[in-house]
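All figures in this text were calculated on a predicted structure; none of them were measured in a lab. One-based numbering, in listed order, for ligands and for the atoms of each.
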Amino acid sequence: MANIIDGRAMAGRLLDSVANNVCELRARHGLHPALAVVLIGDDPASDIYVRNKLKACKKVGIASREHRLPATTTQRDLMALVDALNRDGDVHGILVQLPLPKHLDAQPVLDAIAPEKDVDGFHPVNVGRLTTAGGGLVPCTPLGCMMLLDSVIPDFRGLDAVVIGKSNIVGKPVALLLLERECTVTVTHIETRNLADIVRKADIVVVAAGHAGLVRGSWVKPGATVIDVGINRVVDASGKTRIVGDTCFGAMDHAAAVTPVPGGVGPMTIACLMANTARAAQMAAMARECEYG
Ligand code: GUN
């Protein structure tokens with residue numbers, strides 16, 4: 001039976017360490033880290049995610065600024081808000097919750113966020129750093145996936161990794177992080193043929209397909225580690241709504257370690273957002289001290 005990687009416990013430890021960093025930033029540099037969260041429209045899932053992010057801010061002592069805008073917000077209004085937040089010296093992190101309502105174009109908005117405040121790691125400068133020298137802000141879910149993997153795998157070199165899903169938010173950055181650790185990485189997507197055969201060869205499986213039960217137990221190589229990023233709402237036999245991942249329960253019989261859903265990647269994503277915000281604030285403190293001596 002696989003080891004279940006406890007994402008909640010790991011996130012709790014990370015949040016404790018972020019809370020210490022926040023205390024130190026306030027005491028040593030007189031700087032109170034602050035995150036601006038922008039939510040447009042009334043998508044219920046986004047509403048829950050944003051509430052959880054704001055709750056985490058409170059827990060670690062990061063100040064939060066919530067900007068809730070109506071679904072009718074124009075591109076111009078949103079760009080003006082991002083511009084104002086970029087200029088605001090008291091804001092260290094900016095997060096625009098995705099997806100945006102259909103009439104808005106996300107990419108120009110993400111491109112407009114100052115890279116040093118881009119705690120989501122979606123700005124092209126941070127994406128570029130991820131593909132080259134590193135050192136930029138790293139997207140939260142991929143960062144959380146790597147920490148979860150690090151807790152069970154001592155050496156990644158030469159391992160076969162498969163990433164299922166090629167999104168900009170998870171699939172592509174996680175593939176780059178695994179490549180940086182010298183895994184042999186295969187990225188699969190909706191058009192991939194013989195997914196089962198590819199998964200069967202993998203020592204590491206990161207699945208972010210948004211498809212309940214996509215990865216069957218029989219696909220998982222004995223001893224593999226499975227990181228399940230999926231969050232799917234399903235109605236079970238008794239009519240109750242449950243949250244399940246992208247992996248069938250049978251994976252437990254084959255894998256060495258798996259992340260549960262809920263309680264795996266989800267809590268780590270939020271904890272990494274807090275870590276990125278504290279890091280952005282720390283960089284701002286250093287930049288300020290370099291400027292003023
Ligand atoms: N929507 C789903 N995941 C994310 C995320 O990591 N960041 C933002 N901004 N929106 C999301």
Visitor: For ligand 1, indicate whether the residue Leu273 contacts it via side chain, backbone, both or neither (heavy-atom separation under 4.0 Å).
Guide: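 Neither part.
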Visitor: Do Leu25 and Met286 share a hydrophobic cluster (ILVMFWY, side-chain heavy atoms under 4.5 Å, transitive)?
Guide: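 No, because Leu25 and Met286 fall into different hydrophobic clusters, even though each may have its own neighbours under 4.5 Å.
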Visitor: With a sphere of 6.0 Å drawn around CD of Glu180, does it hold more than 12 non-hydrogen atoms of other residues, nucleotides or ligands?
Guide: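 For Glu180, atom CD is not crowded (no more than 12 foreign heavy atoms under 6.0 Å).
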Visitor: Between Asn3 (side chain only) and Ala257 (backbone N and O only), is there a donor and an acceptor less than 3.5 Å apart?
Guide: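 Here the side-chain-to-backbone pair does not exist.
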Visitor: Evaluate side-chain contact (heavy atoms from CB on, under 4.5 Å) for Trp219 paired with Leu195, printing each intermediate quantity in order.
Guide: CA-CA 9 Å; Trp219 296 6; Leu195 179 61; 3.8 Å; yes
Visitor: Check whether any side-chain heavy atom of Asn126 sits under 4.5 Å from a side-chain heavy atom of Leu130, and report yes or no.
Guide: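 When only atoms from C-beta onward are counted, Leu130 and Asn126 do not touch, as no gap falls below 4.5 Å.
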Visitor: Taking the minimum heavy-atom distance to atom 9 (N) of ligand 1, which of Asp120, Leu98, Leu100 ranks first?
Guide: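 The nearest heavy atom belongs to Asp120.
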Visitor: Any non-hydrogen atom of Phe122 lying under 4.0 Å from ligand 1?
Guide: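 Checking ligand 1 against Phe122, which is what was asked, there is a heavy-atom contact under 4.0 Å.
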Visitor: Is Ile169 in polar range of ligand 1, meaning some N or O pair under 3.5 Å apart?
Guide: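 Min N/O separation from ligand 1 is not below 3.5 Å for Ile169.
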Visitor: List the closest protein heavy-atom neighbour of atom 11 (C) of ligand 1: residue, atom name, distance to the nearest 0.1 Å.
Guide: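 The protein heavy atom lying closest is Gln97 NE2, 3.5 Å.
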Visitor: Using a 4.0 Å cutoff against the non-hydrogen atoms of Leu95, which atoms of ligand 1 qualify?
Guide: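 It comes down to these atoms of ligand 1: 9 (N).
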Visitor: Any side-chain heavy-atom pair from Ile227 and Val174 closer than 4.5 angstrom?
Guide: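 Side-chain contact under 4.5 Å: no.
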Visitor: Within the 4.0 Å heavy-atom shell around Val96, which atoms of ligand 1 are there?
Guide: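 By the 4.0 Å cutoff, the relevant atoms are 8 (C), 9 (N).
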